[in-house]
Enquirer: 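So that we are looking at the same thing, I have put the structure below in structure tokens.
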Amino acid sequence: MTDLTTYQPHPYVGGRAAALRELALWRAGGEGAPKVVLLTGDPGSGRSRLLTGFLMLCEPGYREQFDLETLDPATVPPAGQAAPMVFGASGLSAVQLLWSVADQLGLVAERTEELYRSLAEPRGQAASVVVADTDRAGVLRATEEAARVAAEVLRPLALAPDVRLLADLPRAQADRLVRELPAGLARVIDLDREPWADEEALALQAGAAVDGLPVAPVDLARHARSPLVVQLAAHSLRATPEGGPVRLPGGVGDALDLHAERCGVNELTLRRILAPLALAGPGAALPFGLWAALASAVAGKDLSRAIAEGQALLLPFIELDGEEDDPAVRIVHPAVADEVRERFGSAAREAQRRIAQALLATLPTGGGDRWEAAAPYLREQLAGHALDGGVLPELLADPGFLLHAEQVSLRAAVEHLVASGVPLPAQARTWLRLAPLFTRNEAGPELRAALLEHAFRQDGVAAAEFGSALPWRTLWARPLPGVTAVTAALTPEGAAALVAVVPGPGAGSAAEGGTAGLVAFDARTGEPLAAAPDGLTRPSGEQRAAAGLALSVGGDYLRVWRLDDSGAAGEQVAAFVSAEPLGGADLTPDGVLLLADARGVSALCLVAAASGAEARRPRKPGQVPGRSHAGHVEPAAR
């Protein structure tokens, strides 16, 4: 406790002196200071507030705003130190968080295994690292990302010789970490247990929260047992000053039920209204315009009037988000969401199914482009609702959904399905093969559509209709194990061919008598060529220039450029990123892109080549590009 006759409590935290002393000791790093501190407690115990208040004292800009002479010196970290590196886990996967930390620490690695080895090596430069909001990690609740963060991020950081770690995490993960780490390495601050529990601080917070209300702060603090419940009780009393006799809650569930009673509403109605917020992804805000429809779907009856007229009922448990002309709402604290979901029990799956169906009902009518016009919340959150509602597998057969759904959450949901043994549709298996590429490169929907179109052809999946804006159309794809290079060639008749280099003697062409290590295909059809590859010729420079395109190739990507009048590379017209290293790439004189990778060889007809050829075709005076003299649109090149 804090001796209030000598020192004032931390103005933001309002107490927690014992915990602040331990955190200041960790920050000082002297003799007896713990290398690792794990801050834990029940949801709503004030972990985030305590950590925020402590970091204010570590940041020179904030520190200047405090009258440090009024604070207990043992609770104030030493001056002159740079602020620790702070990482928020909210909304991040364990992998995303790990690489974010690695970047800030200056670790150079290409793979996760290399990163772990680099962390374990002494670098001679100590770093203080703070990881906050571990309980809010991940984009989906079903993935239990907090446990992965503890195992895959916090444990390696705790063992790293040059890292001093402070982490805020749930009790289950804190207890597990302490068991797995060497004895004495980590110290646990559990805000609900002695000596860290601070009844005096809770009473002070209750006094500030209920100032002017007809309730004794000491009684509220004794009943509520946590800062969150104190806050909910105070908000309830302020929202319903005429709500009848004051009854004090002992937990979050009590706060919900007692507030519904003060408002004259059945507690189940309040929980059903809050259900879409509690069942959304961690920290997700629900557009206000969708709230009534989703809550009504969960309840099986119209709740729009209850929401419209329920300001007093709902305000203690929600917070507004978004812009004034596009408002959104989220649940006030994860512990409130936990309570609502827990009371639903096994019915939560049915509630999620109803929410998913209600969201699908908002899709515009039309073809594959309807997903492009879908509301942002639908694209971002439907995967999570559908996963928890058991209807995700049927959505995964829709290429439009695969293309336009938010890729990080969709990947997490699909990987969860795979881990649970649920079979995927063919389209989803192909998408999952490219998902790491999409999330790592933050590819936009246009590039995703083009790469999916090619991958579908590689895997023999029925081609999807992705619209006419793709930079290419895949003509064909063939498996060819071990291919190491491709080049464009011309047959004696002048047709374009693909010649591939494959390992081993006797590979030759697809017909008898070919040269060992080479195989040739018609560039347009993919049919094996009867002529031996060594009987083909390479295109001349003039023939290659006929397409008006140039190619630049990297290890797993390539770019196609349009040549300007001087023959220099100008506008980029296509970019291809591969999930595997590229074995080679080339362009034919008529603008067919030839590719080789670990899955074989393929040929892509570039839209830019067709448009470039049209632009270069001699025209009579007055003729419009792309049209005949009669004004009819000419067929597109195939």
Side-chain angles (χ1 to χ4, degrees), residues 437 440-451 453-454 466-475 483-491 494-501 521-524 536-597 601-627 634-638:
L437 185 69
R440 182 174 68 245
N441 292 280
E442 298 182 352
E446 295 82 6
L447 180 57
R448 293 200 298 267
L451 296 177
E453 186 269 350
H454 176 255
F466 287 125
S468 59
L470 299 185
W472 59 70
R473 179 172 57 85
T474 302
L475 297 173
V483 59
T484 58
V486 291
T487 187
L490 296 174
T491 67
L498 177 153
V499 177
V501 179
F521 302 95
D522 185 287
R524 285 279 172 177
L536 305 177
T537 60
R538 290 181 179 272
S540 66
E542 288 184 356
Q543 288 171 320
R544 287 183 177 277
L549 301 172
L551 186 64
S552 60
V553 184
D556 60 358
Y557 71 92
L558 63 83
R559 294 185 174 90
V560 181
W561 312 86
R562 194 186 303 281
L563 298 178
D564 59 24
D565 294 339
S566 66
E571 172 194 8
Q572 178 179 301
V573 296
F576 185 95
V577 187
S578 177
E580 304 97 3
L582 287 173
D586 201 0
L587 282 170
T588 67
D590 56 350
V592 174
L593 176 61
L594 310 177
L595 292 177
D597 62 18
V601 291
S602 55
L604 286 64
C605 179
L606 293 168
V607 173
S611 61
E614 178 64 29
R616 292 188 299 276
R617 183 182 302 168
R619 299 184 182 88
K620 296 179 181 180
Q623 184 177 359
V624 178
R627 296 180 181 271
E634 297 179 358
R638 289 188 175 274

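We count residues from 1, following the sequence as given. Computed over heavy atoms, backbone and side chain alike; hydrogens, waters and symmetry mates excluded. None of these values were measured; they are calculated from a predicted model.
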Enquirer: Applying salt bridge (Lys or Arg N to Asp or Glu O under 4.0 Å), name anything that partners E571, two or more places apart in sequence or on another chain.
Expert: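 For E571, the residues satisfying salt bridge (Lys or Arg N to Asp or Glu O under 4.0 Å) (neighbours in sequence not counted) are R562.
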Enquirer: Which heavy atom of V573 sits nearest to which heavy atom of P471, and what is that distance?
Expert: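 Residues V573 and P471, closest heavy atoms: O-CB, 3.9 Å.
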Enquirer: Might you work through the side-chain contact (heavy atoms from CB on, under 4.5 Å) test for D556 and L437, ending with a clear yes or no?
Expert: CA-CA 11 Å; D556 60 358; L437 185 69; 5.7 Å; no
Enquirer: To check you understand the geometry: which heavy-atom pair defines the closest contact between L498 and S602, and what is its length?
Expert: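 Minimum heavy-atom separation between L498 and S602: CD1-O, 3.9 Å.
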Enquirer: Specify the closest pair of heavy atoms between L447 and A575, including all atoms of both residues, with the distance to one decimal.
Expert: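 The pair with the smallest heavy-atom distance is CD1-O, 3.4 Å.
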Enquirer: Holding to side chain to side chain contact (heavy atoms under 4.5 Å, CB included), I want the full list of residues that pass it with R538, two or more places apart in sequence or in another chain.
Expert: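 Residues passing side chain to side chain contact (heavy atoms under 4.5 Å, CB included) with R538: T487.
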Enquirer: Can you name the salt bridge (Lys or Arg N to Asp or Glu O under 4.0 Å) partners of R448, sequence neighbours left out?
Expert: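 Salt bridge (Lys or Arg N to Asp or Glu O under 4.0 Å) check on R448 returns nothing, list empty.
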Enquirer: Apply side chain to side chain contact (heavy atoms under 4.5 Å, CB included) to P539 and list each qualifying residue two or more places apart in sequence or on a separate chain.
Expert: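 A488, L490, Q543, R544, P589.
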Enquirer: Checking the side chain of E453 only, and the main-chain atoms of T474 only, is there a donor and an acceptor separated by less than 3.5 Å?
Expert: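 Here the side-chain-to-backbone pair exists.
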Enquirer: What donor-acceptor contacts under 3.5 angstrom involve side-chain atoms of residues 547-555, with partners at least two apart or in another chain?
Expert:
from, atom 1, to, atom 2, distance (Å)
S552, OG, W561, NE1, 3.0

Enquirer: Counting C-beta onward and ignoring hydrogens, is there a side-chain heavy-atom pair between V499 and V486 closer than 4.5 Å?
Expert: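 No; the side chains remain at least 4.5 Å from each other.
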Enquirer: For V501, enumerate each residue passing the side chain to side chain contact (heavy atoms under 4.5 Å, CB included) test, keeping only those at least two apart in sequence or located in another chain.
Expert: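 By the side chain to side chain contact (heavy atoms under 4.5 Å, CB included) rule, V501 matches T484, A485, L518.
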Enquirer: Quick check: closest heavy atoms across A489 and L536, and the distance to 0.1 Å?
Expert: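 Shortest heavy-atom contact: CB-CB, 3.9 Å.
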Enquirer: Would the distance check show the side chain of T588 and the main-chain N or O of V592 forming a donor-acceptor pair, the cut-off being under 3.5 Å?
Expert: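 Judged by distance alone, yes, a pair lies under 3.5 Å.
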Enquirer: How are the rings of W472 and F576 set to each other: parallel, tilted or perpendicular (split at 30° and 60°)?
Expert: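 Plane angle between 30° and 60°, so tilted.
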Enquirer: Rounded at 0.5 Å granularity, tell me how far SG in C605 sits from CG in L475.
Expert: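 Reported to 0.5 Å precision, the distance equals 5.0 Å.
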Enquirer: Where is the tightest heavy-atom contact between L470 and A449, given as atom of each residue plus distance?
Expert: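 Taking L470 first and A449 second, the nearest heavy atoms are CD2-CB, 3.6 Å.
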Enquirer: Heavy atoms, side chains only, cut-off 4.5 Å: are L558 and L593 in contact?
Expert: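 Side chain of L558 against side chain of L593, heavy atoms only: contact under 4.5 Å found.
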Enquirer: Considering non-hydrogen atoms only, spot the tightest contact between V577 and L451 and give its length.
Expert: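 Here V577 and L451 meet closest at O-CD2, 3.5 Å.
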Enquirer: Output the distance between atom CZ (R524) and atom CG (D590), rounded to the nearest 0.5 Å.
Expert: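 Rounded to the nearest 0.5 Å, the CZ-CG separation comes to 4.5 Å.
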